[in-house]
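Working notes, structure below.
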Number of protein chains: 2
Amino acid sequence: MARLARSDWVDAAYARFSEDGIGAVAVEPIARMLGSTKGSFYWHFADRGALVDAVLERWRELETEDLIRDVDRIENPKERLAALLDTIAHRTAMRSGERTLYADAAAAEVSAAVAAVTDRRVQYLEELLVATGIAASESHRRAVIVVAAVIGFQQLVASGWDAGADPRSLVETLFALATDHPKRPET
Amino acid sequence: MARLARSDWVDAAYARFSEDGIGAVAVEPIARMLGSTKGSFYWHFADRGALVDAVLERWRELETEDLIRDVDRIENPKERLAALLDTIAHRTAMRSGERTLYADAAAAEVSAAVAAVTDRRVQYLEELLVATGIAASESHRRAVIVVAAVIGFQQLVASGWDAGADPRSLVETLFALATDHPKRPET
DNA sequence: ACCTGAACACCGTTCAAGT
DNA sequence: ACCTGAACACCGTTCAAGT
């Protein structure tokens, strides 16, 4: 068929990733989608892993850097935090590629890219919490829990569990957790 | 080689699941491990899915029902909650099969089994929170967040991200979240 | 420079044939 | 009743040959 550029393969792969996760980034089906052949793919890419890398790079830009840039224009830290959590919670249902990513990372070659994104998210949230007045020593562990809770919630919903309610409940609980909560009692 | 029972296949499959997740429950490699053949497998099981079902049933018993039975002997609700969270947090690193399960569930046939386990965990935790004196309306959403946070934390660690600290910090933060925190302010 | 088509390896599934 | 071995489909990878 028509000559293809590297970016055509990445576009098609990202579409599959968004729909069904990294596992769906498969050379043969994508070649069929494009009316091309596996042989053509291997001229543009070293292997399937190179295509996966390109997909993850795009994912990082769209799902982390873009969000941060968006929210960073808000002056007041508490409003910035609220806006960030709102955006994250309402996007949950959409980020269907991401929902399988952490598990895939456990097994496969994508772990470095995924870990870098996690660092970035925790770090940003941690700084934001400090800006809202949370003690530095406390900010890190709360940031970790919030990031973990969002990822875990995505996983639960994606795994077919019925969350029942609206995402608003999630946002409220996360906001309360992030901004202020009592110390754990001695047991 | 030697005649095999259905349980021999499940034992071997559970070992692979614990090590590398549901994706590693593969008929051919397990047949090789057992010195048997794929043909033999298909006499004992309808297909790979039937083996996966058996593995998940064992996982449910070991990782949910056993924990609940254990902790249920403690009288005081707050102590029971603390013990449960302790056990969960310290097991996090070990449950390597589970770490990929929610993502697998999103794509595959295991979703019903996984959703049932999620229900069970949320439900138990919710009852426990009510017993510690949390309002019924609040208990559900906190239980969901705690379960989500634990799963998400597992995913992060399993995906190669360096959590840095000990699990104690996780437990403390979760306990505080579960037992008492202020309302989210109106924004 | 870019693509095709055939080849091989790997795993899921089926099945005729063996004990 | 339980197992083997060969067959086929599917996808990742390689490569000689085409334009």
Base-contact (B) and sugar-phosphate-only (S) positions in nucleotides 7-19 of chain C, heavy-atom cut-off under 4.0 Å, - elsewhere: B---BBBBB----
Candidate pair A:Arg142 and B:Thr173, rule side chain to side chain donor-acceptor pair (under 3.5 Å), full reasoning: CA-CA 7 Å; A:Arg142 290 197 200 180; B:Thr173 313; over 6 Å; no
Nearest-0.5 Å distance that lies between atom CD in A:Glu126 and atom NE2 in A:His140: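 If we round to the nearest 0.5 Å, A:Glu126:CD and A:His140:NE2 are 5.5 Å apart.
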From OG (B:Ser139) to CG (B:Leu128), nearest 0.5 Å: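 Nearest 0.5 Å value for the OG-CG distance: 9.5 Å.
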Sole residue of A:Leu125, A:Thr118, A:Asp119 in side-chain contact (heavy atoms from CB on, under 4.5 Å) with A:Val122: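 The passing option is A:Thr118.
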Spacing of B:Arg6 atom CZ relative to D:dA1 atom P, expressed in whole Å: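 B:Arg6 atom CZ is separated from D:dA1 atom P by 16 Å.
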Watson-Crick or G-U stems involving DNA chain D, each at least 3 pairs long, distances under 3.5 Å, ordered by first number: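 In DNA chain D, stems of three or more pairs: C:4-8 with D:12-16, C:12-16 with D:4-8.
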Derivation of the salt bridge (Lys or Arg N to Asp or Glu O under 4.0 Å) call for B:Arg69 and B:Asp72: CA-CA 5 Å; B:Arg69 269 191 290 272; B:Asp72 241 2; over 6 Å; no
Worked check of salt bridge (Lys or Arg N to Asp or Glu O under 4.0 Å) between A:Glu138 and A:Arg141: CA-CA 6 Å; A:Glu138 185 71 12; A:Arg141 65 184 215 180; 3.4 Å; yes
Residue-phosphate contact under 4.0 Å: A:Ser36 side-chain N/O, C:dT4 OP1/OP2: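 The answer is yes; a side-chain N or O of A:Ser36 sits under 4.0 Å from OP1 or OP2.
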Below 4.0 Å: OP1/OP2 of C:dC3 and any side-chain N or O of A:His44: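 For C:dC3, OP1 or OP2 has a side-chain N or O of A:His44 closer than 4.0 Å.
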Parallel, tilted or perpendicular: ring planes of B:Phe45 versus B:Phe41, cut at 30 and 60 degrees: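 Rings of B:Phe45 and B:Phe41: parallel, under 30°.
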Closest contact, heavy atoms only, B:Leu156 versus A:Val147: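 Closest heavy-atom pair between B:Leu156 and A:Val147: CD1-CG1, 4.2 Å.
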